[in-house]
Amino acid sequence: MKKGKVFSGVQPSGALTIGNYIGALRNFVGLQDEFDCYYCIVDLHAITVPQIPKNLRKRTLDVLALYIASGIDPEKSTLFIQSHVPAHSELSWVLSTITYMGQLNRMTQYKEKAKKSEENLNAGLFTYPVLMASDILLYQADFVPVGDDQKQHLELARDLAERFNNRYSETFKVPEPLISEFGARIMSLQNPESKMSKSDDDENAYILLLDDSDTINRKIKRAVTDSIGEIRYCDEQPGLKNLLNIYSVFSNEDVESLVKKYDGIGYGKFKEDLSEVVIEGLKPIQEKYLQLTNSKDYLEDVYKKGAEKAAYVSGKTLRKVYKKIGFIPK
Ligand code: AMP
Ligand code: TRP
């Protein structure tokens with residue numbers, strides 16, 4: 001039987017956080033055996049905010065190395081860089097002609113970004129979700145593992161697939177989001193009301209996958225909790241709830257047993273232990289990453305082979321689309 005397909009992407013717009021790891025990367029790993037997986041580094045998306053070219057180059061390779069260091073095996077999954085496969089931009093144009101302005105206007109991520117950069121609102125920020133839909137639909141993906149913040153974008157991808165299929169006959173698979181119930185939204189350590197983001201101005205808000213142990217200790221020590229002083233898992237203590245989620249992921253212990261374990265024990269000791277669990281959990285990833293950044297040839301080999309396979313698979317879909325629209329085959 002043919003394996004189902006999985007597609008997901010991460011932007012090389014900053015160093016990755018434990019939010020990216022818990023909400024996305026970690027889940028990518030477990031899908032590799034059962035599905036034909038495509039994991040993309042979405043550099044075209046990243047330039048919707050200004051990037052320094054030298055940094056973008058480095059971060060693109062960093063994301064590739066972190067994909068592999070987190071356990072994604074290039075022998076099993078296809079790893080590639082979005083700009084290496086022109087079909088993504090090409091399909092994006094086509095899909096933009098069947099996307100309604102109103103749909104894009106309603107995207108919360110756009111609205112938030114628009115608020116932040118009112119003076120320099122570029123059209124790419126607005127059409128960003130159309131490019132994302134193209135990424136997914138080109139590979140006929142069945143499932144898209146993402147964090148909770150991408151749910152609305154995925155709805156658009158489904159909607160565009162259905163609209164195109166209705167207009168031109170069955171062409172695209174309608175993809176399903178794969179959002180893990182747990183850890184899909186890791187919050188800022190400084191403001192548990194907003195998500196942990198690598199583009200946060202306050203570096204104490206996030207933990208990076210490549211943070212050293214002193215930095216992790218310091219950031220967790222400074223993480224916002226509350227004045228209740230008891231370890232419980234509830235919405236009234238959002239900071240603590242977030243820390244318990246992180247603890248649970250890195251220790252593989254469920255939240256309930258953690259709450260029991262820390263019953264009557266103060267936040268100080270809890271945070272100390274949490275730091276240790278996170279540091280230990282990230283250690284193998286960091287070691288593998290260091291090894292990989294010294295093997296540039298290997299990384300190049302991976303992304304070149306990945307692009308070849310991705311171009312082949314996406315090319316088939318794009319040709320079909322062009323034909324159905326009425327473009328003359330070349
Ligand atoms: P991005 O960094 O925006 O390219 O996101 C890459 C992936 O990480 C997407 O699937 C996001 O949904 C996921 N992600 C980003 N931040 C978080 C977070 N704080 N909690 C959970 N998942 C996240
Ligand atoms: N928009 C996603 C994010 O910011 C990244 C992304 C781009 C993506 N294309 C994708 C995720 C396709 C899943 C599938 O997190």
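These numbers come from a predicted model, not from an experiment. Order of listing sets the numbers, starting from 1, for every ligand and every atom in it. The first residue of the sequence shown is numbered 1, and numbering continues consecutively from there.
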Less than 6.0 angstrom separating the ring centers of Y303 and Y298, yes or no?
no
Closest non-hydrogen protein atom to atom 9 (N) of ligand 2, residue and atom name please, with distance?
D135 OD2, 2.7 Å
Could you find the nearest protein heavy atom to atom 5 (C) of ligand 2 and give me its residue, atom name and distance?
G9 O, 3.6 Å
Taken to the nearest 0.5 Å, the spacing of I98 CD1 from Q103 CD works out to 9.0 Å
heavy-atom search around atom 5 (O) of ligand 1 in the protein gives N20 ND2, 3.3 Å
Can you tell me the protein heavy atom closest to atom 4 (O) of ligand 2 and the distance?
Y128 OH, 2.9 Å
Checking contacts here: is it the side chain or the backbone of L131 that comes within 4.0 Å of ligand 2, counting heavy atoms only? Could be both or neither.
neither
Tell me which protein heavy atom sits closest to atom 20 (N) of ligand 1, plus the residue, atom name and distance to 0.1 Å.
I186 N, 2.8 Å
Could you tell me whether the side chains of D212 and T215 share a donor-acceptor contact shorter than 3.5 Å?
yes
Taking both backbone and side-chain atoms of A24, is any N or O found less than 3.5 Å from an N or O belonging to ligand 1?
no
Atoms in ligand 1 flagged as close to Q150, the criterion being non-hydrogen separation under 4.0 Å
12 (O)
Give me the nearest non-hydrogen protein atom to atom 23 (C) of ligand 1 as residue plus atom name, then the distance to 0.1 Å.
G19 O, 3.4 Å
Are Y100 and N105 close enough that a side-chain donor and a side-chain acceptor fall under 3.5 Å?
no
What is the nearest protein non-hydrogen atom to atom 11 (C) of ligand 1, stated with its residue, atom name and distance?
D149 OD1, 3.4 Å
Under 4.0 Å from a heavy atom of V146: give me the atoms of ligand 2 that qualify, with their elements.
11 (C), 13 (C)
For atom 16 (N) of ligand 1, what is the closest protein heavy atom, and at what distance to 0.1 Å?
M196 O, 3.7 Å
Is there a donor-acceptor contact under 3.5 Å from the side chain of R185 to the main chain of D148?
no
Is the backbone N or O of T17 less than 3.5 Å from a side-chain atom of N20, with the two atoms forming a donor-acceptor pair by type?
yes
With heavy atoms only and a cut-off of under 4.0 Å, state how Q11 meets ligand 1: side chain, backbone, both or neither.
both
Is the backbone of E253 close enough, under 3.5 Å, to the side chain of S251 for a donor and an acceptor to pair up by distance?
yes
Checking heavy atoms under 4.0 Å, the part of D149 that sits near ligand 2 is neither
Atoms in ligand 2 flagged as close to V144, the criterion being non-hydrogen separation under 4.0 Å:
13 (C), 14 (C)
Is there a donor-acceptor contact under 3.5 Å from the side chain of K195 to the main chain of D149?
no
Atoms of ligand 2, numbered as shown, that sit under 4.0 Å from any heavy atom of H45:
7 (C), 9 (N)
May I ask you to list the atoms of ligand 2 that are less than 4.0 angstrom from any heavy atom of V42?
7 (C), 9 (N)
Under 4.5 Å between side-chain heavy atoms, counting indirect links through other Ile/Leu/Val/Met/Phe/Trp/Tyr residues: same cluster for I179 and M132 or not?
yes
Atom 10 (O) of ligand 1 [closest protein heavy-atom partner, distance rounded to 0.1 Å]
G147 N, 3.1 Å
Atom 21 (C) of ligand 1 [closest protein heavy-atom partner, distance rounded to 0.1 Å]:
A184 O, 3.0 Å
F7 and Y38: aromatic ring centres closer than 6.0 Å?
no
Distance (rounded to the nearest 0.5 Å) between L44 CG and S134 OG
10.5 Å
Can you confirm whether the side chains of S83 and D43 place a donor and an acceptor under 3.5 Å from each other?
yes
Testing F80, F35, Y312, F172 one by one against Y139 for a ring-ring contact (aromatic ring centres under 6.0 Å, His included), which residue passes?
F80
Near R185, which atoms of ligand 1 are under 4.0 Å from a heavy atom of that residue?
20 (N), 21 (C)
Ion pair D301/K296, N-O distance below 4.0 Å:
no
Could you say whether the N/O atoms of Q11 and ligand 2 ever approach to under 3.5 Å?
yes
Checking heavy atoms under 4.0 Å, the part of K198 that sits near ligand 1 is side chain
Give me the residue, atom name and distance of the protein heavy atom closest to atom 15 (O) of ligand 2.
Q150 NE2, 3.3 Å
